[in-house]
Each structure stands twice: as structure tokens, then as C-alpha cells.
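Sequence lines set the chain letters: A, B, ... in the order given, protein chains first and strands last, and positions in each chain run from 1.
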Amino acid sequence: MNNLSVIFKRELGSYFATPLAFIFIVIFLVLSAVFTFYLGGFYESGQADLVPFFNFHPWLYLFLVPAVAMRLWAEERKSGTIELLMTLPVSRADMVLGKFLAAWVFIGIALLLTFPIIITVNYLGSPDNGAIFTGYLGSWLLAGGYLAIGSCISALTKNQVIAFIVSVVVCFIFIVSGFPLLLDLFSGWAPQWLLDAIASLSFLIRFDAISKGVLDLRDLLYFISLMAVWLLATAIVIDLKKAD
Amino acid sequence: MKRLMYSGTGLLVLLLAFLAFNMASSVLLTGARLDLTEQKLYTISDGTRQILRDIDEPITLYFFFSDRASKDMVMLRNYARRVEEMLKEYERVAGGKLRLQIIDPQPFSEAEDRAAEFGLQAIPLSQTGDKLYFGLAGTNSLAQREIIPFFTLEQEGLLEYELSRLVNSLSQPEKPQIGLISGLPIGGGMNPMSGQPMPPWTVLEQIRQLFTIQSLEPDLDEIPEDIEVLLLIHPKSLTESALFAVDQFVLRGGRLLSFIDPYAEMDISTDAMIEGMADGRASDLGPLLAAWGVDYDLEKVVVDTRLGMSVSRGQGQLPARHIGWLELEQAQRDSEDTVTAPLQLLTIATGGALKPIEGASTRFMPLLSSTASSALVDSSRFATLQDPEALLNGFQADEQIYHFAARLQGPASTAYPQGLEGREPVLTEADNINVLLVADTDLLSDRMWVQVQDFFGQRIPQPWADNGGFLINALDNLSGSEALISVRSRGDFSRPFTVVQDLQRKAERRFRASEQRLQQQLAETERRLAELQQNQDPTQLTELSSEQQEAIQRFLDDKLEIRKQLRDVRFQLNADIERLGNWLKVINIGLVPLLLSLGMLGWWLIGRWRRKA
């Protein structure tokens, strides 16, 4: 546990040692507000809720989170520091989890910095703050899902750009898995239970349910298990590619 | 084991475990949810629990969902899952009195015949030619049936209410008897003006599902014994003998819900059509109101500048504020009374004022009221009203609060102590009467609260205000079935930007003041200009003195200037709202990034300075 917290602190600190993290936060804040106000028509809608705000998060994260995740392992692999890491008396689980948590908390900080929108909507009318709270929680869980996927893919390659692109594609598949775009590939030959299983993997549908204001244990477990599985996979991949 | 784990096979096992875990959890962990919405939109309410506990004879529900045919429709499947879970929750709470059967009606199966036999709606699917069923049928021990033909996504907010209503009507096979006398075309029919058929009003369709409606003649001599609640809507054609019958009905403990109106906009009877005759659209209850201790002027309409609605003037034009059409907010309703407490938004149109008579024996309990920014105007003003904003001209609030609806209870005497045409009153007084009086009828018409959409031939009402709920609540309350009231109106209604609305009202007030001033100036300038031009000597038509020319030019300039100011004032109308919007955009988009940038810069400068030092 001690190792985990050491790695976590070191990684989180490293985000704020360079201007890159700061640029990421600024881009995230500007884009999410621009989408909310211009594409989502938040002010013109006249409705005191944050639907136009949360609606764009899955798409915003699709590009921004892989950008954070791409350097998690690919950089270590490229610069060769991964060998050094392996020799440290730190378990692989601690390393994977520590890096992931640091990145997740970092995205959480970026998310919290969108607080002016909460003040805005409460100033303009009387929103359902319970639903806003679950919206934020859902958004953070969603980011965690993307991040875990990105972490695993980053461990697969030395090249950050490849890690980024592949992560975006895999996350996109998770987004659309509930839509005809993907289901059409399976319908016709796959049994219904498989179709339902695939549809139930969709980020969008899970996120939508949470951001409505209902915390369903199944949706929470979905995101947690998704993160656990991809992080385990990250550990496996690191082990498999140890020799590379 | 560890070797297996850390291998390609391990990854595959992991993936399968993930799928299996989520499939299992979606089946096993139903109902474990935390509802954090303010109105607990996704939790079974106490009213429903009450209804489920009160079931005496077993009820069977058949939930039909075409599982196979809907395989590509993710949204619908999710909603179906929600309906199914809610029904299972009902089954659990009812403790054996409610049985649920889930049926997938495959094409050409017995189950499909069954669904059709129940009268469920099937949606044809274009790709496969299959039919999609997504409805609910219920039967009770008396073999009575109730159905929900199709669950539409648009009505998700009303899901619990619809389900509870169905269960409630099966568990109470005897629907309350409502006697209805209406002076408005509430049941539809032919429009005498246009010759077009009119559909029945949505409120009537809704109360028909819950109550047995008996239409009564406006000239009856006696209210039938089996009527529990008498519903009078715009009772202007009631004969004296019918009024006498109502009087006796109320005194013998009958419950009355009456909608009267100083100006019923939906009245299409012939005397209402005669131009300029505003009182042709008025209704009251003759001597009964005074006997029950209520004062009501059937020639006065309440207008209110704080509650006025925005109404469309037509395409390409700014909406107008109509201060005779009002949106009643929470503060204008009794938040204790079960009839009004659960309502979110209620609208009324050209409603009248009800006032308790001093020294009356009855208790007058206001349910709906105006704000202090209101006043009474003659109903005749509405008969010739072209532009609703004309009502704002010269408007002066009288700081009084007017009541649109009230509950009357307590001891009362007959309005006909001498009897009527030789008929002696059976009862001359009662210890307690039970009357609910509303001084507006237009609130019941569709255009004040609901949009009806056609969905595969089925009319789907999409309410945007609670007027329908108000009528049903009142009938439920008077007929004694209250559990449903708490279930209703939990739907998710609009949460408007109140700050923006206030700005709009202020801007309009300012606009109105400046516009009037400028219009007066313009009229004055034009008059002076015309005068000047008339005073010219006809023989010197072409030769104006330089002073005259100057004067004319000055007035022409003035006129242009005033017109420009008027345009500016009009333009300014929405400027405050836009300015606020722009500020909010700037703050949300730029403020935190700017502060962060400054912080970063400061950090960097300090670092550099330290290094130098």
C-alpha cells in the first residue's frame, strides 16, 4: 500500500511538473464550455439542468483521455525506464494501479475545475443538484473506463501516437457497442443473449443512466469491473512484453 | 495458475469473465439503486405502496414485449427493461396479491393472438415485417381488463403513475360515478364556425379512464342518487330547476366541483359568437354562490403582470406577453392541499376572482391565487382584444391578491328557502358542504396544457403543464381515492431560468414605458408638422420662408430621430438577456483557464527569479 501511494504521488506530481498537464486542463475546460454553450445551446434552452454539458463528455473524453493515457507506459518503454521500474521492489499491481490512479485523479481535478457551470446553473434557476452530482460521478467513472483502456494499449507499444490512435478506436467501439452500427455486424447470426451482452457494454447507455440521477449498482459495477479488467490486462501485457 | 494468468489465454479468460460478470449482475442485482433525483423520479412512491397494499383480490399483469423483434432497438430495450423491473418491484411490494407474467409475443404464436385480443397496439417494423408489442394488460378476479396499449418513451416520466392507475382500477372494480354537465364542447363534435370536427378534450379522455362519467342534462330536476361527484363546467345553461337540484345535492352531502368563468374563450355557443358580447361567454351558479358565502363578479377578469405568459404572435414576430393568461407558480398555490400540492405548473386563461363574503358560515380556503401585481379588468376588453400587449397600456396593479380557486367547507343554508315553483326544499341547511370552485374553464382546454401527438393512430398526450392533473386530483380528492394523487405529477417538468424570466419582465416594462413616451412624441411631432404644412399660404406653394423650411426640416429630423430611438428601444428588449448570456459564456469558457494561465505564469516567473537569485 505504501508503494502504491509513493507511485501515486510521484506520478501525480509529475503531471504538474510540466506545462503539458496544464494545457490539457485548459483545453478540456474551454472545449467542454464551448460545446455546452454553443453546440448544446445551454443558455438558449432556458432549462436549469446540465444535460447539454454532460452530453458531450463521452465524445470529449474520446480524444482527451487517450491523450493522457498514451504516455503512461509507452514513454517508459521508449525511454527504457521500464526496465529500471521492473528492478524496483514494487509489485506490478502497485505500478499499474498507481499510474492509473494518478491519471484518474488528474482528470478528476480537470473535471472539478468546471465548477463555474454548477454555479451558473444554480444562479439561473433551481436545478436538480442530485442529478448534477451523479452526472459528475458518471463522468468521472466514464473517464476512468477510457483511461484503463488507454493504459492497457499504451503498455502494448513504444509509440505514443499509435497508442493514442488505437485507444481512440477501442474506446469508440465501446461507445457505439449499443448502436446498430456495431450490432448489425452481429445480428443475423449471433444469439440474442450475445447481442444484449454487447449492447450492455455501451459506455453511452451506462453513462446516460447515471447522469439521469440514478446510481444503479449494476452501472457502478460495470465501470469498476471494466477498469479492473483493463488494468489487469495492462499488468499481463507488461509481463508478456517484458522481453521486448 | 500464475503462468496461465500472465499469457494470451489469460487475456481471453479475463474478457470472458468480464462479460459473464456483467451479464450476471444485470440479472441478479436488480433493484439495487440509489435515486438521487430531487423528486425521487425513479423510486416507487408511498402512494403506489398504499395502492399495492390495498389490493384485496388477486390481480394478474401480462407484460408483452417483443424481445426478438426489438433486438436492434437499444433505447427501447432499455426502457422495456426498466418497465419490467418496476413491475417486478410492484409484484414484490404487493406480497402475492399481484402476479406478473412476462410474454414475448412471437409472430403467429398464441401469445401474439392473446396480445391482439387484449387490444394491445402493435407497431409494424419495416425491416423485418415483424410486429413489435410493448404493452401491459391486467385482469382481476372479476375478469375485468385494463390495458396500456403501448409504452412510449416520451411518457417515461409518467410510467409509475400509469402502472399504478392500472393496478388501482383493477383493485377497485367500481369506478366512482361522476355526473357531468358541460357548456363547452369538451366531448368534441362539430365546430359551428369552421364546420370541422373537433376531437374530445384530453382532460375528458383522461378522466374517463378513471371514473364513470354520466352526462346529465342542464335542465334536470334532480341529481341522480348514484352520483358521487358532480362536475359542472361552464354551467351557463343550467335552468333554475337544475340550480335548485344542485343546491339540494350539495346540502345532502354530494360533492361538487364547478368550473365557472367570466370569459370562457373556448365557448363556441351562438350567444358567445355575437361580436362584442363578452357576457355571452360568462357563467356562474346564480344564487348558489352567495348561499355558500362566495362573492364573484362575472364581468371581471384578473390580469397579473408577474404571472403573464409569453404567447406567440405568429411567425417572424416577437412573442407577446399576455397578462390575462397566467402561469401559476408554486407560491400561488396552496402547498398543503392534496389537490394543488403536487402540481408543478398550472396555467389559466382569463380567469375570474372568488372572494369570501364577510360573515359567511362557510370556510373559504383559497387554492390558486394571483400575486400582488394584479388587477381586475372588464371582461369586455377581451372580446375585442387584438394584441394582448394592449392590456399592458395604462395597467396599474391594485396590490390585491385574487383567488382563482377555492375549497368551500362548513355549514351552509339553501339558496331557495322558499322553494322553487311550488317545490319545497327537502333540506334547508347542512352541517358541512363540500364544494371546490374554480373561476376559469379555459384551463381545461388542450391548448393551455397539452400537446397531442399522433403515434401510429394512437393519440399520445404530452403535457407541458399540470392542468389535467389538477382536474384529476380534484376528482380523486372529492371521490375519496387519494393514494393516486401522490403518484401523479411526479413527472419531470421544466425547470426554467428564473433569472432570465425576470430580466425579460423588467425589459418589457421598460420597453413599454419608453415606447409609449416615444409614440406620444412622434404623434405630437407629426401633428405639428401637419399643422405647419397646412398653414402655408396656397398662393406661395413653392416658396417657403427659410424659417418655415427650417422648422419643417427640424420636425422631419425629430421624427427620424424618434423613429430611430423606437427601433433602438425595441432592439434593447433582449439586450440584457443577451448580455447576461455573453457574460456567462465568458466566465464559463475563459475565467478558470485564464486564472490557471496567470497562476502558471506566476509560478514560472517565481522559479526564474529564484534561479537567478
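The shortest side-chain heavy-atom distance between A:Q47 and A:F42 does not fall under the 4.5 Å cut-off. Counting heavy atoms from C-beta on, the side chains of B:Y133 and B:F63 never come closer than 4.5 Å. Contact annotation: the side chain of B:E327 never approaches that of B:L307 to less than 4.5 Å [non-hydrogen atoms, C-beta and beyond]. Side-chain contact between A:E44 and A:F37 is absent, with no heavy atoms from C-beta onward closer than 4.5 Å. B:M86 has its side chain within reach of B:E160: a pair of non-hydrogen atoms, C-beta onward, lies under 4.5 Å apart. Between A:F207 and A:F54 there is a side-chain heavy-atom pair separated by less than 4.5 Å.
A donor-acceptor contact under 3.5 angstrom links the side chains of B:R77 and B:S70, judged on distance only.
For a residue to count as touching a neighbouring chain, one of its non-hydrogen atoms must lie under 4.5 Å from one of that chain's; by this rule A:L201 touches chain B with the side chain only. For a residue to count as touching a neighbouring chain, one of its non-hydrogen atoms must lie under 4.5 Å from one of that chain's; by this rule A:N129 touches chain B with the backbone only. Residue A:F22 touches chain B through its side chain alone, counting heavy-atom pairs closer than 4.5 Å. In this structure, chain A has a heavy atom under 4.5 Å from the side chain of B:N22, while its backbone stays farther away. Interface remark: B:I577 contributes backbone and side-chain atoms alike to the contact with chain A (heavy atom separation under 4.5 Å). For chain A, the nearby parts of B:L596 are the backbone and the side chain; heavy atoms of each come within less than 4.5 Å. In this structure, the portions of B:L580 lying under 4.5 Å from any heavy atom of chain A include both its backbone and its side chain. A:S225 touches chain B through backbone and side chain together, each having a heavy atom under 4.5 Å away. For A:F133, the part sitting under 4.5 Å from any heavy atom of chain B is the side chain, from C-beta outward, and nothing else.
Ranking A:V26, A:L226, A:L31, A:D49 against chain B, the residue ahead of the rest is A:L226, based on heavy-atom pairs under 4.5 Å. When the candidates A:P127, A:S32, A:P19 are compared by the number of heavy-atom contacts under 4.5 Å with chain B, A:P127 comes out ahead. Of the listed residues B:F21, B:W603, B:W604, the one with more heavy-atom pairs under 4.5 angstrom with chain A than any other is B:F21.
In summary, of the residues considered (B:R81, B:R82, B:K88), a salt bridge (charged side-chain N to carboxylate O under 4.0 Å, His left out) with B:E84 occurs for B:K88 alone.
Applying the salt bridge (charged side-chain N to carboxylate O under 4.0 Å, His left out) test to every pair with at least one member in residues 14-40 of chain A, sequence neighbours left out, gives no pairs at all.
Contact annotation for residues 114-126 of chain A against chain B (heavy-atom separation below 4.5 Å, listed by residue number): A:F115, A:P116, A:I117, A:T120, A:Y123, A:L124, A:G125, A:S126.
Between A:F24 and A:F106, the angle of the ring planes lies from 30° to 60°, which puts this pair in the tilted group. Ring planes of A:W230 and A:F174: perpendicular class, angle over 60° (limits at 30 and 60°).
Counting non-hydrogen atoms of other residues, nucleotides and ligands closer than 6.0 Å to CD of B:Q462 gives a total above 12.
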